[in-house]
Amino acid sequence: MTEQTTIQHPYILKVALDVPLDGVFDYRSDTPLQAGQRVLVPFGPRKQVGIVVGTASESDIAPARLKSIIRHFDQEPALDAEFFSLLKFCADYYQYPYGQALLAALPARLRQTEPAQARQQFCYWLNAVGLAAGLDMLPARQVVQRRIFSALLEHGRLREADLAELSPGWRKGLAALSELGWIEQEQVYAGLRSILHASSVQPELNAEQSYAVQSVLQQRNEFRPWLLHGITGSGKTEVYMCLLQAILAGNEDQALVLVPEINLTPQLEARFRSRLPEYSLVTLHSNLSESERLQNWRLAQTGAARIVIGTRLSVFAPMPRLKCIIVDEEHDTSYKQQDSMRYHARDVALVRAQRRNIPIVLGSATPALETWHNAQVGRYGLLSLQQRAVSQSQLPQVKCVDVSKVQMQDGLSLPLVKALKTRLERGEQSLLFINRRGYAPVLLCNACHWIAPCMRCSSRLVVHLRQGCLRCHHCGHEQKIVRQCPSCGNPDLHPTGHGTQRLEEVLVKLLPEARILRVDRDSTRRKNALDHMLAAVHAGEVDILIGTQMLAKGHDFPNLTLVGVLDTDSALFSPDFRATERLFAQLMQVAGRAGRADKAGEVLIQTTLPEHHLFNALRGQDYAAYASGILQEREIAQFPPYEFLALVRAEANDYAPVQGFLQFAAEAAREMGSAALVYDPVRPQMERLKGMERGQLLMQASSRQVLQQLLRQLTPQMRAHPLSNRVRWNVDVDPQEF
Ligand code: ADP
Ligand code: ZN
Ligand code: ZN
C-alpha cells in the first residue's frame with residue numbers, strides 16, 4: 001500500500017506556511033521540487049502560498065490524507081540556504097512560528113497566490129535614423145522629447161529610471177520619439193547602474209577616517225563587528241562609501257546598507273549613487289510599490305544588485321555574494337520590529353555577518369548602550385571620528401531652563417519665548433523639538449525634586465490616579481499615593497507631565513507674525529510631503545518648525561540657530577529605563593541641528609532637572625562620559641546590557657484571562673528550575689489600549705542562553721494552554737519598550 005503510494009507520488013514536500021503553528025506541513029507533488037521554491041497548496045478551506053523547505057521520502061500522514069500541492073511557481077529563483085537558516089534562527093530566538101517568519105520576510109507579491117512577475121525594465125538608445133536626425137528636427141515646445149533626445153545622444157543608453165529622472169513625462173516623450181522610428185529598446189536585468197549621475201569628487205579622508213577604512217579592510221574576510229562612532233557630520237558616510245568602494249572593486253560581491261528610516265533613504269541613495277556609479281544599487285523600503293519592491297528584491301537575490309540600501313526588513317534580503325554589512329544609526333529604535341516577529345534588524349545583521357564570516361560596521365553618534373558596552377569590552381572594534389569632517393563653527397551652546405523657576409505659559413517658558421522672538425527679528429529659524437515618548441506621570445516634589453521611587457527596582461513608580469496608587473512597572477510593587485514629600489516634607493505633591501497639544505495655538509497667539517510649520521508623522525503621511533516641507537524650510541518660508549524626532553536626523557538647515565527642547569522630564573522620569581538613553585540620543589542629534597553653517601547655535605532645554613548629568617554630557621557633546629555613567633547605573637540595577645530580558649505581553653477584553661494566562665506562564669517558568677528571574681505579571685503603563693486590558697510578564701537572565709533555554713520550553717506550553725486562545729499574546733525577546 002505504502003509502496004504503491006510511493007510509486008504514484010514519489011515526492012513528498014515539507015512546506016512552510018503562513019499559519020500560527022509550529023512546524024511544516026507535508027504535501028505531495030508529482031514533480032520534483034527543490035527547497036526554496038514556492039508552491040500553492042490547499043490548507044483547510046483555503047489556498048495558501050507556501051515555501052518548500054525540504055523533501056522527504058515518506059510522511060507520517062496516512063497516504064489517503066496527504067494532500068497534493070495545487071501548483072508550483074517555476075521560473076523563479078529558489079530561496080537559498082542562508083535565507084532559511086537565518087529565519088530559522090530568528091524564529092527560534094524570537095519565539096515566532098517558523099512558517100510565518102519565512103513568509104513575512106518575502107516581498108508581498110511573493111505571498112500572493114498568483115505567479116509574481118517582477119516588472120521588466122528596459123533600456124533605450126537611438127538607432128541609426130535617430131542618430132542621423134538632429135535636435136532641430138524637434139519643435140522647441142517639445143521640451144521633454146528634446147531633453148530625452150539630447151540625453152540619449154550624450155549617454156548612449158538610458159534606463160527607465162534614468163529617463164524618469166530627466167522628466168516625469170518621459171513615457172509620452174519617449175513614445176513620440178519611438179513613433180518617429182528613432183528608438184531601439186532592450187530588456188535589462190542588471191543594468192541598474194545610473195549613468196546620469198556624475199560621480200562626485202571624493203574628498204581625501206582624514207587620518208581617523210582612513211584608519212577606520214583600513215582597519216575594516218584588514219579583516220575583511222572574517223566576522224568582525226566594528227562600531228564607527230562619530231557625531232553627525234564627522235564623516236561616517238564617507239567611510240561607508242570608501243569601504244564599499246574597496247570591498248566591491250574588481251569582483252562581483254555585494255554589500256548591504258541598513259538605514260532606520262524611509263525618509264533618510266533618498267538622501268543616502270543619492271550620495272551612494274553618485275559616489276559609486278559603477279555599482280548597481282537598489283533600495284528596499286515600504287515606500288516602493290509592490291512591483292518595484294519585488295524587482296529590487298530579485299536583483300538582490302540574483303546578485304545583480306551590488307549594493308542594497310534598505311530599512312529593517314531588508315536584513316533578510318537574499319544576497320548570495322554579500323561581503324559587508326553596514327548599519328547606519330545603529331541605535332535607532334525603528335530597527336526593532338514592534339509586532340509579528342519582534343526582531344531587531346541590527347542584531348539579526350550581526351548574526352548574519354557572523355554566519356557569513358564577514359565584517360559589519362555599526363555607525364552612530366550615540367550608540368546603543370549594548371553596542372557601546374561591546375566595544376568597551378573588546379567584542380567590537382571601536383573606530384572613532386572625533387572631529388567634524390568639515391570645519392564647523394563651535395559646538396552649539398546648550399542651556400537649561402529650569403521650568404520650576406520661571407514663568408510658563410502652556411508649556412513654553414519665558415526665556416524660550418524671548419529667544420524665539422530674537423530669532424524672528426534676526427530673520428533666523430528656530431526648531432521646537434517635542435519629545436513625544438514617555439508621558440507616564442510620576443510623583444514629583446517641586447521643592448526638592450524627589451521622585452517616588454520603587455523600593456525593589458531602580459525605577460520610578462508610576463502614578464495611577466484612577467486607582468489612587470503608585471506602581472512599579474518592572475516588578476509590580478504597589479503602594480498608595482503619598483501626599484507629603486518624604487524627603488522635604490512638602491505637603492503638595494503632584495503628578496507631572498503636561499501635554500503639548502496647544503503648543504501651536506499658543507505660539508500663534510504669542511508670535512502672530514511667525515510662520516509656523518509642524519512636521520510630524522501625521523503631517524507628513526502623504527508621499528513627498530516631507531520633501532515639500534523641507535524645501536519650504538530651505539527656501540526660508542518658515543520661521544518656526546515644530547517637530548518630533550523625525551526632524552532631528554539628517555537634515556541640515558544652515559539658517560537654523562535656535563533649538564528649543566520642550567519636554568525632557570517625561571523621559572527623565574519615565575519608568576522605562578531606556579527612556580533617558582533615547583532622550584540623550586535625540587538631544588545629541590537635535591543639538592546638531594543648531595548653527596551648522598557659519599552661525600553659532602543655541603539649544604534651550606526646558607527641564608526641572610538642570611543639573612542632570614545628561615545635560616552636562618550634552619554640553620560637551622560627550623557621549624562617552626554619558627555612556628559610562630549610565631552603564632554604571634545599569635550594572636547596579638542589573639539591566640541590559642548586563643542582563644537579558646524577555647517580555648510576555650498579553651491582552652484581552654477583560655483582565656481575568658490575561659491574568660490567568662500570565663500567572664500560568666510565570667508559574668510554569670518558575671517550575672523549570674531555570675536560573676532566570678521570573679517576575680510577577682503586571683499591568684503595563686498603558687493598562688488598557690484600544691479597549692483591551694493588558695498585562696505583561698518580565699523574565700530576566702544573565703545570559704542569552706539561559707533565557708533562550710527557558711523560552712524554548714515555555715513558549716510551547718503557553719501555546720498549548722487553553723487560555724492562549726482567549727488572549728492575544730506575544731513574546732518579545734530583548735524588548736526595547738515597556
Ligand atoms: P556623517 O555621515 O558622520 O554625518 P558625512 O560623511 O555625511 O558625515 O560627512 C559630513 C560632510 O562632510 C559631508 O558633506 C561630507 O562630504 C564631508 N566630508 C566627509 N569627510 C570629508 C573629508 N575627509 N574631507 C572633506 N569633506 C568631508
Ligand atoms: Zn520634597
Ligand atoms: Zn519595582
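All ligand and atom numbering here is 1-based and tracks the order in the structure. Heads up: numbering here begins at 1 and tracks the sequence.
- Between the side chains of E428 and T561, at least one donor-acceptor pair of N or O atoms lies under 3.5 Å.
- Of the candidates K236, Q202, Q209, R271, it is R271 that places a heavy atom closest to atom 7 (O) of ligand 1.
- Residue N206 has at least one heavy-atom neighbour below 4.0 Å for each of these atoms of ligand 1: 23 (N).
- Judged by distance alone, the side chains of Q202 and R275 never bring a donor and an acceptor atom under 3.5 Å apart.
- Considering both main-chain and side-chain atoms, G230 never comes within under 3.5 Å of ligand 1 through any nitrogen or oxygen pair.
- Under the 6.0 Å cut-off for aromatic ring centres, W372 and H229 qualify, their centroids lying closer than that.
- For the pair Q354/R356, no side-chain contact is recorded, criterion being any heavy-atom separation below 4.5 Å from C-beta on.
- Counting atoms of ligand 1 from 1 in the listed order, those under 4.0 Å from a heavy atom of S234 are 3 (O), 8 (O).
- Atom numbering of ligand 1 starts at 1 in the shown order; those under 4.0 Å from a heavy atom of I231 are 3 (O).
- Salt bridge present: E602 and R423 bring a charged side-chain N and a carboxylate O closer than 4.0 Å.
- With contacts defined as side-chain heavy-atom distances shorter than 4.5 Å, the pair Q736/Y335 does not qualify.
- Under 3.5 Å, the side chains of Q209 and Q214 contain no donor-acceptor pair of N or O atoms.
- Taking a cut-off of under 4.0 Å to the non-hydrogen atoms of L205, the atoms of ligand 1 that pass are 23 (N).
- Taking the side chain as every heavy atom from C-beta outward, T607 and H612 never approach each other to under 4.5 Å.
- No salt bridge links E278 with R273; every basic N to acidic carboxylate O contact stays at or beyond 4.0 Å.
- Of all the listed residues (E208, E329, E238), E238 holds the heavy atom that lies closest to atom 6 (O) of ligand 1.
- At a threshold of 4.0 Å, the pair R346-D332 does not count as salt-bridged, since none of the basic side-chain nitrogens sits closer than that to a carboxylate oxygen.
- Looking at Q606 and S413, their side chains do bring a donor and an acceptor atom within 3.5 Å of each other.
- For M241, no heavy-atom contact with ligand 1 is shorter than 4.0 Å.
- Among G235, S364, P203, A207, the residue whose heavy atom sits closest to atom 5 (P) of ligand 1 is G235.
- The contact set between ligand 1 and E204, taken as ligand atoms under 4.0 Å from a residue heavy atom, comprises 22 (C), 23 (N), 24 (N).
- Here the Zn ion (ligand 2) has protein N, O or S atoms under 2.8 Å from it, and they come to 4.
- When heavy-atom distances to ligand 1 are checked against a 4.0 Å cut-off, T237 comes that close through both its backbone and its side chain.
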